[in-house]
K.L.:
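I'd like to ask you about the structure that follows.
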Amino acid sequence: MEYDFDSIEKDARAKWQKDNVYEVPEKSSKPKFYILDMFPYPSGAGLHVGHPLGYIASDIFARYKRLKGYNVLHPMGFDAFGLPAEQYALETGQHPAITTKTNIARYREQLDKIGFCYDWKREVRTSDPKYYKWTQWIFLQLFDSWMDRSQQKARRIAELVSIFEQEGNVNHVCPGDEMISFDASAWKGYSVQEQRRVLMQYRLAFLDYAVVWWCEALGTVLANDEVVNGVSERGGHPVEKKQMRQWFLRITEYAERLLKSLETLEWSDAMKEMQRNWIGKSYGAEVDFYLDEAAVNGTKRFIKIFTTRADTIFGADFMVLAPEHELVSSITTAEQRTVVEDYVTYVKSRSERERMTEVKQVSGAFTGAYVLHPFTGKQMPVWISEYVLSGYGTGAIMAVPCGDDRDHAFAKHFHIPISNIFGELYDGEKAYTEKAGRIQKSSFISMMEIPQAAEKVIDMLEDLQIGKRKVNYKLRDAGFSRQRYWGEPFPIKYEGETPYAIDAKELPVILPHVESYKPGPEGQGPLANIPEWMAEHRETNTMPGYAGSSWYFLRYMDPHNEHEFASRAATDYWKQVDIYIGGTEHAVGHLLYSRMWTKALYDLGYIGFDEPFKKLVNQGMIQGVSKILWTVGLKGAEVNHVPAIYISYDLCKEFGKSLFGADILKMIQQRNPTLIVGPMEGSKEIEIILNPYRVDINIVDKNDLLDINEFSKQLDINKVPVFLSNDNTIRCSSEVEKMSKSKRNVINPDDIVAQYGADTFRMYEMFLGPIDVSKPWDTKGIEGVHRFIKKMWRLYNDEQKGWIVSDEAATDAELRILHKTIKKTEEDIERFAFNTAVSSFMICVNELSSLNCHKLAVLEPLAVCIAAFAPHTAEELWHSLGHKDSVLNAAFPTWEQQYVTDNSKVYPVAVNGKTRAEMEFPLDMEQADIEKVILADATIQKYMEGKAPKKVIFVKGKMINVVV
RNA sequence: GCGGGUGUGGUGAAAUUGGUAGACACGCUAGACUUAGGAUCUAGUGCUGUGAGGCUUGGGGGUUCGAGUCCCUCCACCCGCACCA
């Protein structure tokens, strides 16, 4: 009998299922542990070997924690609403619910083969009405809440109403419109519609007309983070800005808390930094610059700007407004009107992509208007330019060319005189942007250091009431509407223009069936095509993809609750997710929204914690290695009846050096004289274009040679391909890139599992390298891991004699190997170093098999030690050792100090300036002149065979510290 | 441009607080048993040199008895943000 992973794994799975070993008890005296994977979106392509990387890591950790005596919640579910299923529906007419269901079934099957310990009874699907009922419910809570800025806490709208009735909004600035101001009697005088309009400006989920990213191709609005480099993240379609009525989440009200509580989280610095950047907090001042014009009704108009460099105010030479700024048309003078309007039109005509790629180009227009400097009274021209963004700060700046690169370039381009407030620090060629040095020629702040000068200026502005300190955030409110079908319907009905929440008792609002997934009229979603829906004046938008995923981690705690999203008892028991594993791609989207929802639910008293994910582990991607076959295109040659020409990569490399178009043409003719090829003279004018064609990686061998027969079979039979090469072989080049179906480089985990078994697959994925590093999949190395598992199995079994475990007492040498391995496993798992843990198993098994050790006393703990990594094999061994219960119910073995250390002798590396080379060993520690001794771990191991403390520190001959 | 990160054999990588660099594995070389080996086992494998030895963690410099690890500087690559005032 050999190691038969197929039957071992089948038996183990059957046993787990029969005994319900993965079921997580609701009540337990054990300490809890919650470890979560980012649930997948079930795409039609199925899983490839990259997907399970994080799942395997979390599975190992979950099993380990369970062996350590924790009650472990380790659930899985599906993020089932979203665009791809709907796009597919548009193309094929297949209902998204059906494709989603099929895809989930396939995912489930693939996941099961790898042996994950998920409690599937807790599975959630965001598209299930029983689930999205609560997504809608939470939306209603946000709709019914506002942020009390002074308490930094979300409160109920009803409380706000009673505040308004008593004192108006004097103590609660309106976040939606800071200009709104009223007292109690004014409030009471408002009509119901007016009151609701005001309240809408406070709600955490609110309706607003706003400029949003509109994607024509997808027919929907996209969130900021769904737009990448000026095109849609999904599909890469162009996007434009458009004014539309949209639902929003007032996440900006949480900016400060989202920023601050990052400090309490165990996330990578990179991840925290990304969130900090996204929130983008900056300290500065708002300053009013009055227009140089006659007062109307005793007031003058002013331009409010934001600056982080108030210290440079005396260097301001002109003003710049965003082209979209509301004052632009009213301040523009008659002479400048044409120029300004042309410029505004030009800016509007430019796609976001153009704007982004041509960042360095200077453009702008003069409005003809002037403002007066608040301190000097200097007249300053007002310009507009697209380098000032309407969405940041106030959409207007004071331009200080000597202290800012962009202002400098602008001034140079339009020949605006530049004042210098930095003396010799500014050379006239390049702006001085450092925030150190002394300010000059600046009235009351002259010769002050920059930081102090800034403070002084702001103080002065505040005294004069023309400016104030201001904290600014880049973060914008999150768009929460999609003109799409396959998402959660809003629990909202309209009376005229006024939206009303649907009574919570009527939830869920079921997503109705539609015949067509085409958009409705006027950019509305497909729901607008349903007469019954419209008759009830329901909201036609649906929620975005991140709605369901913003709270799913809570539902796992109490997945079948029909009365609450999760009971308080359940959330109080499980609390935060202890470890959350997933990719970095959700750094600012999902992770930020989840944090906000958690904080809101906390504020409203539904849960007892305000951060969802205590520790975050990012797994790297497993990339594919695409095989690229180069095809030749000839420009400038008249080639009739051009076949597909494929060229060996060896030959490609010669291109730049010696081969020209004509050489290629000659080669083609030699090989295939029937081809009629055009003019051959002027060879250098014939341009060769090499086009990459990604071939199925299965028809390329390990030396990158193409299986020409197999390839030809896949081609159109009428087109005879021509292959060009020096030696009758066609070589491909390789490229490491994302694994995807379209790149024909996908390795399917099912195939690997079928060939080597799930345990080998799991261990190999871990063995590849650190969990957070991206790396290409390479099937070659898997043999080593497979050999190791077989070797381990042979510690228990002999191919002839069968079961060979004996009751003999273990020797010290054997125990040392065992205990070192247990210790190492424990340490490595705790710090997520699964690759080195696998290595230590290999060492252990190698050593035990060279000692010919088949003893129960050693092998029984070893089976438990390895159970998290190779659960099927461990289960079988555990069972064969006579245990009725699953190995998961065993306790992780403990290691004993005596087998891993021995401090009877010390071997220092350096003593009082003497190096090891100059000393004799072992040293006499009673020597009085020894002041300090530091031991090298590796040195000790060599001398002591692994028994020693790591460091021993002596002072004046007395041992003062032993570090183990 | 700004922010974060990484650079170690032919390859994936170890080295936990500064202490024998390259564990473990792939690959490769030789050998054993074999009709055969894509099974198994043994030995070797950073570079260089016949050898003792010398050299080696992207380059250069520094701190230290001792540096892959700490500091400075330059280079390369990766990720994120990007006209954010």
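A, B, ... follow the sequence lines: proteins, then strands. Residue 1 opens every chain.
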K.L.:
Please report the C-alpha distance between A:D427 and A:K430 in whole Å, then the side-chain angles of each, then the deciding distance to 0.1 Å, and finally whether the salt bridge (charged side-chain N to carboxylate O under 4.0 Å, His left out) criterion is met.
P.N.:
CA-CA 6 Å; A:D427 60 8; A:K430 201 175 167 296; over 6 Å; no
K.L.:
Measure from the side chain of A:P770, starting at C-beta and using heavy atoms only, and say which of B:rA23, B:rG12, B:rA13 lies closest.
P.N.:
B:rA13
K.L.:
Base, sugar-phosphate or nothing for A:N846? Non-hydrogen atoms, less than 4.0 Å.
P.N.:
sugar-phosphate
K.L.:
Please name the pair of heavy atoms, one in A:C865 and one in A:T825, separated by the smallest distance, quoted to 0.1 Å.
P.N.:
SG-OG1, 3.4 Å
K.L.:
Please report the distance separating the P of B:rG5 from the corresponding atom of B:rU11, rounded so that it comes out in whole Å.
P.N.:
26 Å
K.L.:
Can you check the distance between B:rU48 and B:rU40, where both ends of the measurement are the C1' atom (answer in whole Å)?
P.N.:
35 Å
K.L.:
Return the pairing partner of B:rU50 with a 3.5 Å limit on both distances, Watson-Crick or G-U wobble; otherwise return none.
P.N.:
none
K.L.:
Please pick, from B:rG3, B:rA85, B:rG12, the nucleotide with the shortest atom-to-atom distance to any side-chain atom of A:L389.
P.N.:
B:rA85
K.L.:
Regarding A:N745 and A:K627, do their side chains bring together a donor and an acceptor under 3.5 Å, going by distance alone?
P.N.:
no
K.L.:
Can you check the distance between B:rC65 and B:rG51, where both ends of the measurement are the C1' atom (answer in whole Å)?
P.N.:
31 Å
K.L.:
Closer than 4.0 Å, any side-chain N/O of A:R276 to the OP1 or OP2 of B:rG4?
P.N.:
no
K.L.:
Please give the distance between the C1' atoms of B:rA14 and B:rA21 as a whole number of Å.
P.N.:
10 Å
K.L.:
Just the rounded figure in Å: distance from C1' of B:rA14 to CE of A:M842.
P.N.:
13 Å
K.L.:
Check the distance between B:rA39's C1' and A:H786's NE2 and give it to me in whole angstrom.
P.N.:
11 Å
K.L.:
Is it the case that atom NZ in A:K468 sees more than 12 heavy atoms from other parts of the structure closer than 6.0 Å?
P.N.:
no
K.L.:
By nearest atom, which of the nucleotides B:rG12, B:rC26, B:rU16 is closest to the A:K824 side chain?
P.N.:
B:rU16
K.L.:
Could you identify the nucleotide paired to B:rG1, looking across every strand shown and requiring Watson-Crick or G-U wobble geometry with both distances under 3.5 Å?
P.N.:
B:rC81
K.L.:
Between A:S774 and A:F306, just flag the one whose closest nucleotide in RNA chain B comes earlier from the 5' side.
P.N.:
A:S774
K.L.:
Say we look at B:rG62 and B:rU69: how far apart would their C1' atoms be, to the nearest angstrom?
P.N.:
15 Å
K.L.:
Using whole Å, report how far CG of A:D4 lies from P of B:rA39.
P.N.:
18 Å
K.L.:
Distance check needed: B:rA85 C1' versus A:I384 CD1, whole Å only.
P.N.:
17 Å
K.L.:
State which of B:rU40, B:rC24, B:rA15 makes the closest approach to the side chain of A:R794.
P.N.:
B:rU40
K.L.:
Which is true for A:N835 with a 4.0 Å heavy-atom rule: it touches a base, it touches only sugar-phosphate, or it touches nothing?
P.N.:
sugar-phosphate
K.L.:
Hunt down the Watson-Crick or G-U wobble partner of B:rU6, both distances under 3.5 Å, from any strand shown, or write none.
P.N.:
B:rA76
K.L.:
A:K790 near the nucleic acid: base, sugar-phosphate alone, or nothing, with a heavy-atom cut-off under 4.0 Å?
P.N.:
sugar-phosphate
K.L.:
Can you identify which nucleotide, out of B:rA85, B:rG4, B:rU16, has its nearest atom closest to the A:E827 side chain?
P.N.:
B:rU16
K.L.:
Please name the nucleotide paired to B:rA30 by Watson-Crick or G-U wobble geometry with both distances under 3.5 Å, or report none.
P.N.:
B:rU42
K.L.:
Using the P atom on both, measure B:rU42 against B:rU50 and round to a whole Å.
P.N.:
32 Å
K.L.:
Check this for me: does any side-chain nitrogen of one of A:E783 and A:K790 sit under 4.0 Å from a carboxylate oxygen of the other?
P.N.:
no
K.L.:
Using a 4.0 Å heavy-atom cut-off across all strands, classify A:E783 as base, sugar-phosphate, or nothing.
P.N.:
nothing
K.L.:
Looking only at atom P, what distance separates B:rA23 and B:rU45, rounded to whole Å?
P.N.:
10 Å
K.L.:
Can you tell me the distance, in whole Å, between the CD atom of A:E273 and the C1' atom of B:rC2?
P.N.:
11 Å
K.L.:
Taking atom C1' of B:rC24 as reference, at what distance in whole Å does atom CD1 of A:I843 sit?
P.N.:
5 Å
K.L.:
To the nearest Å, how far apart are A:M766 CE and B:rG12 C1'?
P.N.:
14 Å
K.L.:
Between B:rC24 and A:R787, is there an OP1 or OP2 to side-chain N/O distance shorter than 4.0 Å?
P.N.:
no
K.L.:
So, is B:rG9 syn or anti if syn means the angle is within 90° of 0?
P.N.:
syn
K.L.:
If we take the C1' atom in both B:rA32 and B:rA39, what is their distance in whole Å?
P.N.:
14 Å
K.L.:
With nearest nucleotide decided by heavy atoms, which residue, A:G395 or A:G781, maps closer to the 5′ end of RNA chain B?
P.N.:
A:G781
K.L.:
Assign A:V785 to base, sugar-phosphate, or nothing according to its heavy-atom contacts below 4.0 angstrom with the strands shown.
P.N.:
nothing
K.L.:
Among B:rC41, B:rA15, B:rC83, which nucleotide has an atom closest to any side-chain atom of A:K791?
P.N.:
B:rC41
K.L.:
B:rG12 C1' sits how many Å from A:K775 NZ, rounded?
P.N.:
9 Å
K.L.:
Closest heavy-atom contact between A:F318 and A:A411?
P.N.:
CE2-CB, 3.9 Å
K.L.:
When rounded to the nearest 0.5 angstrom, what distance separates CD1 in A:I843 from NZ in A:K824?
P.N.:
7.5 Å
K.L.:
Do the numbers put A:K823 on top of the ring of A:W895, so that NZ or CZ is under 6.0 Å from the six-membered ring centre and no more than 45° off the axis?
P.N.:
yes
